[in-house]
Q: 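Below you'll find the structure I mean.
Worth saying up front: this structure is predicted, and the values here are computed from it rather than measured. Along the sequence shown, the residues carry numbers beginning at 1.
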Amino acid sequence: MVKLTRPLLRAAAAAGLVLTVGIPAAFAAMTATTVTDLNIRTGPGPQYPTVGLATRGSTAVIDGCIEGSKWCRIDINGVRGWVYARYLTTDFGGSTVAQERRADLAIPVVTYEAQPRDPVIVSSGDALIGPVEEIDPIVPPATVRTYIASNPGETVYLDGEVVVGAELPQTVAVRRVPDYNYDYVSINGQPVLVEPATRRIVYVYR
């Protein structure tokens, strides 16, 4: 299932125009499944706007991936955009669509040409480390969102995507929420709640 951000659909279509054309028809049926709720973005990076949210278990058709990158271009029910490939799995032995597995999966290489108005960010160089683990969902009270909105802090950009269950690097400083069991930090422009003991994301404010 895909939740659309309708004002950005035109941007998503524009993003498709910068891909390498001529992908062999044999690759057209390459599909993958999202292992968690996953942002679909207008470009290959966490700094690009989202055009939708692919919910866990969605089936995606893979157009291709950027050489030397963990970002791939997909189509889910007609919504086309870029996603972080480590959160996609295929029927090929349950393989993750990672850089080192692309050749085995016969996924074509595509390119993205930066546009003049593309956002520019300074990344910490870290990635969201560790596999995405199953965790018990939480429903934070409204007072927590109000506190975060009043005390936002600086956004940290990582070479990954913000998903529930992902572990934050030790280099990322989190902040305490008064009288609450979880910490918070803004990752790639999205506030998240973090379990202090494991440093795993337990909730994403979208």
Q: Is the closest side-chain heavy-atom distance between Tyr180 and Pro141 below 4.5 Å?
A: yes
Q: Side-chain contact, heavy-atom cut-off 4.5 Å: Ile74 with Leu88?
A: yes
Q: Which residues pass the side-chain hydrogen bond (donor to acceptor under 3.5 Å, both in side chains) test with Thr198, sequence neighbours left out?
A: Glu195
Q: Only counting residues at least two apart or in another chain, list the ones meeting side-chain hydrogen bond (donor to acceptor under 3.5 Å, both in side chains) with Ser186.
A: Thr155
Q: Please tell me if the side chains of Val172 and Ile187 come closer than 4.5 Å, counting only heavy atoms from C-beta onward.
A: yes
Q: Find the distance between OG1 (Thr42) and CH2 (Trp82) and round it off to the nearest 0.5 Å.
A: 10.5 Å
Q: I'd like to check the side chain to side chain contact (heavy atoms under 4.5 Å, CB included) partners of Asn151; sequence neighbours left out, ordered by chain and number.
A: Tyr147, Tyr184
Q: For a 4.5 angstrom cut-off between non-hydrogen side-chain atoms, does Glu161 reach Leu38?
A: yes
Q: For Ile135, enumerate each residue passing the side chain to side chain contact (heavy atoms under 4.5 Å, CB included) test, keeping only those at least two apart in sequence or located in another chain.
A: Val164, Val202
Q: Would you find a donor on one side and an acceptor on the other, under 3.5 Å apart, between the side chain of Arg73 and the backbone of Asp63?
A: no
Q: To check you understand the geometry: which heavy-atom pair defines the closest contact between Pro152 and Ala149, and what is its length?
A: CD-O, 3.7 Å
Q: Taking the side chain as C-beta and beyond, is there a heavy-atom pair between Leu193 and Ile148 under 4.5 Å?
A: yes
Q: Taking salt bridge (Lys or Arg N to Asp or Glu O under 4.0 Å) as the cut-off, I'd like each qualifying pair that reaches into residues 170-179, sequence neighbours left out, listed once.
A: Arg176-Asp183
Q: Check whether any side-chain heavy atom of Tyr48 sits under 4.5 Å from a side-chain heavy atom of Trp71, and report yes or no.
A: no
Q: Taking the side chain as C-beta and beyond, is there a heavy-atom pair between Val192 and Val185 under 4.5 Å?
A: yes
Q: Test of understanding: with side chain to side chain contact (heavy atoms under 4.5 Å, CB included), list the residues that count as partners of Arg206, not counting sequence neighbours.
A: Asp37, Asn39, Leu53, Gln190, Val204
